[in-house]
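For reference, the structure is listed below as C-alpha cells.
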Amino acid sequence: MSGDTASIDREYMQRALRLAAKGLYTTHPNPRVGCVIVRDGAIVGEGYHQRAGEPHAEVHALRAAGDQARGATVYVTLEPCSHFGRTPPCANALVEAGVARVVAAMVDPNPLVSGRGLEILRDAGIDTESGLLEAQARALNPGFIKRMETGLPWVRVKSAMSLDGRTAMAGGESKWITGEAARADVQRLRARSEAIVTGIGTVLADDPSMNVRLDGEVVQPLRVVLDPKLDMPANAKMLSLPGSTLVLTSVGEGSDIEDLIDSGAEIRWLGGDGDQVNLTEVLKTLAGLGVNEVLVEAGATVAGAFLAAGLVDELVVYLAPHLMGDGARGLFHLPGIERMDQRIDLDITDIRAVGSDWRITARVRS
C-alpha cells in the first residue's frame with residue numbers, strides 16, 4: 001500500500017469514527033458503528049447505526065450510495081456482521097452491492113461474527129483489511145467489547161471530591177462539591193451508560209433521580225439499586241420517573257414487596273451475605289440484560305467494594321478547588337489496604353478542566 005493510499009484510508013476511517021460517535025447515546029445494546037463509502041476519490045454514501053433494531057451503518061451508507069456502491073471502497077469501524085439478528089447480515093448486503101474493497105477498523109468480538117463477516121467478503125472476491133485505527137474504534141465501544149469477550153460489562157465509577165479528597169461533610173451534606181459544568185458533564189456519562197448503579201444508602205440519604213437530563217435524543221439508562229435487605233422505599237423519586245428501576249437484593253424481607261412492585265420497581269434476588277449483594281452476580285445479571293457500560297454513582301462503601309473486588313475498569317473523578325477538612329468523608333472505603341504493595345494502581349488517561357473543576361480519568365491496572 002502506498003503512502004498516499006494509507007493516508008487516504010486513515011482520513012476516511014476517521015470520518016467513519018466521527019459518524020459512529022453520533023450513536024453514543026442511542027445504539028445500546030448494539031455497538032456504535034460508522035460507515036463511509038468512497039468511489040473514484042469521492043464519498044458516495046455514509047451512515048451510522050442509530051438505534052438497536054434499525055438498519056446498521058453499512059445499510060444506511062449503501063442506501064445513500066445506491067448504484068455508485070459498485071466497485072467502491074467501504075470504510076467501517078467494526079467488521080460487518082454475518083448473522084441474522086434483528087436485521088439481516090451486513091456482509092451479505094455489501095456482497096450484493098458489488099463493492100470492491102472493505103476496510104474495517106477491527107474484527108467484531110461477538111462470537112457470532114468474529115471474522116466470519118470478513119470471510120464472507122473475501123469468499124466473494126472482495127479485498128478486505130482490518131486493524132486501521134483499531135485503538136480509536138475500541139475506545140468507542142469498551143463495554144460491548146468487554147461484554148463479548150468476558151461476559152461482563154465495562155464498569156466506570158464516577159466520583160466528585162474536594163482537593164483534600166473529601167466527598168461529603170461528616171453529616172452527609174454533599175451538594176454541591178462541583179460546579180454546573182462538571183454536573184452537566186456527568187449527564188453525558190450517564191447518557192452513554194445503559195445502567196447506573198447505586199447503593200440503598202445513597203437512595204435513603206439523597207433520594208436521587210439517577211436519570212439523564214440532556215437535550216436531544218437519549219435512552220434513559222436502567223437504574224439499579226443494590227439493596228441487600230430490601231429497604232427500598234416505594235415512594236422513592238426514581239420510581240416515578242421515565243425509565244426502569246431494578247432493585248437487586250440478597251436476603252431482603254424488609255419492604256412491602258407488593259407496594260414496591262406496584263410503584264414500578266423490578267426486584268431480583270441474587271447471592272450475598274445479607275450485608276452486600278454479590279457484585280460479580282450483579283454485573284453478570286446486567287450483562288445478561290444487554291448492558292455494555294455501567295456507571296457506578298454511589299457512596300464510598302459501594303464504590304470501594306467494586307474496587308476491592310477488582311471489578312472496576314475506569315474511574316472518572318471530578319476534582320473541585322476547595323478543602324473540606326479532616327472530618328469530611330473520604331472518596332473510597334478500602335479497609336483492606338494497609339501496605340504500600342497493596343495499593344490499587346491506576347493509569348491516568350486524561351486530565352482536563354471542566355468549568356472551575358478538573359476531570360481525571362484513570363484506568364485500573366489489571
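This structure is a prediction, so every number in the text was calculated from the model and none was measured.
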Is it true that, when you exclude Asp326 itself, more than 12 heavy atoms of the residues, nucleotides or ligands shown sit nearer than 6.0 Å to its CG?
no

Can you pull out every ring pair (Phe, Tyr, Trp, His ring centres under 6.0 Å) where at least one residue sits in residues 332-366? Sequence neighbours excluded, please.
none

Members sharing Val354's hydrophobic cluster, built from side-chain contacts under 4.5 Å between Ile, Leu, Val, Met, Phe, Trp and Tyr, are none

Which of Leu286, Thr198, Val291 passes side chain to side chain contact (heavy atoms under 4.5 Å, CB included) with Val224? It is Leu286

Any non-hydrogen side-chain atom of Val76 less than 4.5 Å from a side-chain atom of Val103?
no

Between OG1 of Thr27 and CD of Glu194, what distance do you get to the nearest 0.5 Å?
7.5 Å

Pairs flagged by ring pair (Phe, Tyr, Trp, His ring centres under 6.0 Å) wherever residues 5-38 is involved - sequence neighbours left out
Tyr12-Tyr75

Salt bridge (charged side-chain N to carboxylate O under 4.0 Å, His left out) evaluation trace for Glu79 with Arg116:
CA-CA 9 Å; Glu79 174 187 6; Arg116 293 183 182 89; over 6 Å; no

Would Arg223 and Thr245 count as having a side-chain donor-acceptor pair, cut-off 3.5 Å?
yes

Close side-chain approach of Leu311 and Thr280, heavy atoms under 4.5 Å:
yes

Supply the atom-to-atom distance Leu230 CG to Met232 CE, rounded to the nearest 0.5 angstrom.
9.5 Å

For residues Ile267 and Met210: do they belong to one hydrophobic cluster (side chain heavy atoms under 4.5 Å, members Ile, Leu, Val, Met, Phe, Trp, Tyr)?
yes

Testing Arg156, Lys146, Arg190 one by one against Glu293 for a salt bridge (Lys or Arg N to Asp or Glu O under 4.0 Å), which residue passes?
Arg156

Knowing that exactly one of Arg51, His49, Gln50 qualifies, which makes a side-chain hydrogen bond (donor to acceptor under 3.5 Å, both in side chains) with Asn30?
His49

Check: Arg183 and Thr178 side chains under 4.5 Å, non-hydrogen atoms
yes

